[in-house]
Chemist: 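Right, I'll just put the structure down here and ask away after.
Quick caveat: nothing in here was measured; it's all calculated off a predicted structure. Labels below follow one simple rule: chain letters A, B, ... track the order of the sequence lines, proteins then strands, and each chain is numbered from 1.
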Amino acid sequence: MPSFQTTPGTRDILPPDAARWRSFVEEFDAVVSLAGFQHIVVPMFEDLGVFQRLGDATDVVTKEMYDFVDKGGRHVALRPEQTAGVCRSFAQHRPLPPWKVWYSGPNFRYERAQHGRYRQFDQVGVEALGSDDPLLDVEVIALAVEFFQNLGLRNVVLNINSLGDSGDRARYVEALSQYFQGHISELSPESVATLERNPLRVLDSKRESEQAVVAQAPSISGFLSDEAASHFAQVKQGLDALDIAYVVNERLVRGLDYYCRTTFEFQSTALESAQTAVGGGGRYDGLVEDLGGPATPGIGFAIGLDRTLLACDAEQVFPHPSTKADVFVIDTTGGMQALQLCQQFRTAGFASDRAYGGRAMKAQMKAADKSGATYAVIIGTDELSQGVATVKSMVDGQQEEILLDAVVQHVAAQLGKVNS
RNA sequence: GUGGGCGUAGCUCAGUUGGUUAGAGCGUCGGUUUGUGGUACCGAAGGUCGGGGGUUCGAGACCCCUCGUCCACCCCA
């Protein structure tokens with residue numbers, strides 16, 4: 001048993017998975033950059049108050065925060081998500097709106113780990129601040145759709161809803177609260193507790209016994225102001241115009257309190273587990289103001305890396321990037337030749353690798369095979385004395401002797417031929 | 001935080017109703033006479049059975065505690 005292992009809910013992303021993570025982010029970068037979103041990096045921890053603005057009724061804030069007092073007496077917390085940090089950044093620096101940014105990186109929530117749920121988990125996401133144009137909502141949603149498609153995912157369903165403006169939302173919550181109070185005997189003890197903290201969340205219950213009560217609950221749509229209803233209608237029109245399929249789900253309330261108007265969530269139907277939400281987001285028109293900035297509307301989404309990658313596995317798409325070497329240098333004369341040749345290949349831009357420790361030729365050949373190299377360059381005592389190297393194709397086994405000085409050029413030419 | 005399953009070599013797992021030096025496959029390393037891989041064969045290294053306590057003549061196997069992990073609730077990406 002090793003002395004230490006990863007702390008609960010955290011894990012090492014080992015090769016080759018880490019490479020896949022990286023290309024996941026690169027793919028996201030490519031998609032959102034085309035839409036004018038620029039990269040932003042915000043701190044991994046901030047003043048606790050920044051995150052408390054997410055809402056005092058959300059578990060993310062009340063139960064799951066990694067907060068601590070630092071050596072300077074500041075009460076800080078590891079970020080549970082990045083939207084609040086981005087909004088704080090906007091309030092702090094006052095960039096010119098519309099401000100469209102994207103991010104990636106780890107977030108932290110203290111909860112029990114499960115399939116697709118970890119205490120340290122990575123997300124990619126975008127935030128667009130400074131416009132309440134419903135067609136911006138559409139653009140943002142379309143980016144996520146585009147990204148999922150580029151990954152190769154086909155079984156991702158888009159759910160959308162509107163929570164209305166804060167006044168609408170308040171009236172709805174009141175009505176919902178009354179409704180559930182009237183049916184309190186049909187609710188589980190857990191839901192009764194939830195009802196006191198955040199009636200909206202009762203709609204999310206997965207407990208079989210109360211599905212009927214939940215289904216009969218009043219819908220948000222009846223509480224939307226004309227303005228909010230019109231906004232939502234335009235969002236739907238925009239989605240239709242882009243031929244983006246969606247399901248209006250009036251039970252979709254989402255967990256962070258700051259959401260208003262448009263909210264959406266992407267569910268993977270390929271995932272069997274409890275965590276099927278691979279991404280989600282919505283409007284948060286009051287958040288920047290809450291953080292001391294000017295009244296600024298905003299919308300964004302976050303996509304979970306782990307879950308989305310699990311969905312990719314389930315659909316057998318987005319394979320790991322290749323790590324094949326171009327050439328593997330085998331040296332049975334002590335290793336100095338391999339050292340130099342590898343260096344030359346790398347300088348020339350070719351992926352080259354070798355074995356270490358003076359292993360037998362057969363062992364080195366095995367290593368060459370495992371490296372996936374297209375060519376093996378062999379230097380034994382015979383070759384060295386003649387100033388040549390044997391260049392062997394690992395594909396068809398053909399080999400020929402090439403002057404040592406010309407090996408890199410030769411193999412480079414051959415690889416160029418193969419690649420084109 | 002609540003409930004349940006699990007925790008044996010790097011990985012995936014076997015380990016009869018508790019009984020001598022804990023096994024397999026994969027992987028790793030080495031070899032199968034003449035310097036060359038992907039198949040086959042042979043061999044080797046590598047666990048004291050998550051940790052602690054207890055029951056017993058004797059425990060990987062039974063009991064308790066603890067840690068970890070997985071799943072569900074919850075929460076959310």
Chemist: Can any side-chain N or O of A:Asp290 pair as donor or acceptor with the backbone N or O of A:Arg53 at less than 3.5 Å?
Modeler: no
Chemist: For the P atoms, the ones on B:G37 and on B:C29, what distance do you get once it is rounded to whole angstrom?
Modeler: 15 Å
Chemist: Tell me, which pairs form a ring pair (Phe, Tyr, Trp, His ring centres under 6.0 Å) where one or both residues lie in residues 191-218 of chain A, sequence neighbours left out?
Modeler: none
Chemist: Could you state the CD-C1' distance from A:Glu81 to B:C75, rounded to the nearest angstrom?
Modeler: 14 Å
Chemist: Could you work out the separation of B:U16 and B:U36 based on their P atoms and round it to a whole Å?
Modeler: 46 Å
Chemist: Can you give me every donor-acceptor pair (side chain of residues 169-181 of chain A, partner residue at least two apart or in another chain, under 3.5 Å) with its distance?
Modeler:
residue: A:Arg169; atom: NH1; partner: A:Asp257; partner atom: O; Å: 3.3
residue: A:Arg169; atom: NH1; partner: A:Tyr259; partner atom: O; Å: 2.5
residue: A:Arg169; atom: NH2; partner: A:Asp257; partner atom: O; Å: 3.4
residue: A:Arg171; atom: NH2; partner: A:Phe223; partner atom: O; Å: 3.0
residue: A:Tyr172; atom: OH; partner: A:Pro218; partner atom: O; Å: 2.8
residue: A:Glu174; atom: OE2; partner: A:Gln178; partner atom: NE2; Å: 3.4
residue: A:Tyr179; atom: OH; partner: A:Val213; partner atom: O; Å: 2.6

Chemist: Tell me: CG of A:Leu203 to P of B:C75, nearest whole Å?
Modeler: 11 Å
Chemist: Measure CZ/A:Phe147 against C1'/B:A77 and give the value in whole Å, please.
Modeler: 13 Å
Chemist: Write down the distance separating the P atoms in B:G60 and B:G31, rounded off to the nearest Å.
Modeler: 38 Å
Chemist: Describe the nucleic acid contact of A:Gly397 in one word from base, sugar-phosphate, nothing, applying a heavy-atom distance below 4.0 Å.
Modeler: base
Chemist: So what does A:Ala368 hit on the nucleic acid, given a heavy-atom distance under 4.0 Å: a base, only sugar-phosphate, or nothing?
Modeler: nothing
Chemist: Test of understanding: with side-chain hydrogen bond (donor to acceptor under 3.5 Å, both in side chains), list the residues that count as partners of A:Asp240, not counting sequence neighbours.
Modeler: A:Tyr246
Chemist: Pull out every stem in RNA chain B, meaning runs of 3 or more consecutive Watson-Crick or G-U wobble pairs with both distances under 3.5 Å.
Modeler: B:1-7 with B:67-73, B:10-13 with B:23-26, B:28-32 with B:40-44, B:50-54 with B:62-66
Chemist: Nucleotide by nucleotide, 5' to 3', does protein get under 4.0 Å of the base (B), only the sugar-phosphate (S), or neither (-) in nucleotides 28-35 of chain B, counting heavy atoms?
Modeler: SSS-B--B
Chemist: Enumerate the residue pairs fulfilling side chain to side chain donor-acceptor pair (under 3.5 Å) with a member in residues 134-148 of chain A, sequence neighbours excluded, ordered by first and then second residue.
Modeler: A:Lys100-A:Glu139, A:Asp137-A:Thr262, A:Asp137-A:Arg283
Chemist: Which pairs with one or both residues in residues 131-151 of chain A pass ring pair (Phe, Tyr, Trp, His ring centres under 6.0 Å), sequence neighbours excluded?
Modeler: A:Phe24-A:Phe147, A:Phe28-A:Phe147, A:Phe148-A:Phe266
Chemist: Kindly state each residue pair satisfying side chain to side chain donor-acceptor pair (under 3.5 Å) with at least one member in residues 38-49 of chain A, sequence neighbours excluded.
Modeler: A:Glu46-A:Arg88
Chemist: Spell out protein contact along nucleotides 67-74 of chain B as letters: B when the base is contacted, S when just the sugar-phosphate is, - when no protein heavy atom is under 4.0 Å; keep the 5' to 3' order.
Modeler: -SSSSBBB
Chemist: Between B:A44 and B:G7, how far apart are the two C1' atoms, rounded to whole Å?
Modeler: 29 Å
Chemist: In whole Å, what is the span from the CZ atom of A:Arg119 to the C1' atom of B:C76?
Modeler: 15 Å
Chemist: Could you pick out which residue, A:Val395 or A:Asp122, lies toward the 5' side of RNA chain B when each is mapped onto its nearest nucleotide?
Modeler: A:Val395
Chemist: Expressed in angstrom and rounded to an integer, what is the separation of A:Asn107 atom CG from B:A77 atom P?
Modeler: 10 Å
Chemist: Taking the same atom, C1', in B:C73 and in B:U55, what whole-Å distance lies between them?
Modeler: 36 Å
Chemist: Both A:Lys392 and A:Gly280 contact RNA chain B. Taking the nearest nucleotide for each, which residue is further toward the 5' end?
Modeler: A:Lys392
Chemist: Residues two or more places apart in sequence or in another chain: which of them pass side chain to side chain contact (heavy atoms under 4.5 Å, CB included) with A:Glu190?
Modeler: A:Ser188, A:Arg207
Chemist: Against the six-membered ring of A:Tyr110, is A:Arg119 placed for a cation-pi contact (under 6.0 Å from the centre, within 45° of the normal)?
Modeler: yes
Chemist: Which of these passes side-chain contact (heavy atoms from CB on, under 4.5 Å) with A:Arg261: A:Val235, A:Asp285, A:Ile299, A:Asp168?
Modeler: A:Asp285
Chemist: Between atom OH in A:Tyr375 and atom C1' in B:G37, what is the gap in whole Å?
Modeler: 16 Å
Chemist: Can you pull out every side chain to side chain donor-acceptor pair (under 3.5 Å) where at least one residue sits in residues 361-372 of chain A? Sequence neighbours excluded, please.
Modeler: none
Chemist: Can you measure A:Phe121 atom CZ to B:C75 atom P for me and round it to whole angstrom units?
Modeler: 16 Å
Chemist: For B:G30 versus B:A72, give the span between their P atoms, rounded off to a whole number of Å.
Modeler: 43 Å
Chemist: Can you tell me, in whole Å, how much space there is between the C1' of B:A22 and that of B:U8?
Modeler: 8 Å
Chemist: Mind checking what makes ring-ring contact (aromatic ring centres under 6.0 Å, His included) contact with A:Tyr258, not counting sequence neighbours?
Modeler: A:Tyr284
Chemist: In whole angstrom, give me the gap between the P atoms of B:G43 and B:G4.
Modeler: 48 Å
Chemist: Could you check how far CG of A:Asp12 sits from P of B:C11, rounded to whole Å?
Modeler: 13 Å
Chemist: A:Ser33 side chain to A:Asp29 main-chain N or O, any donor-acceptor pair under 3.5 Å?
Modeler: yes
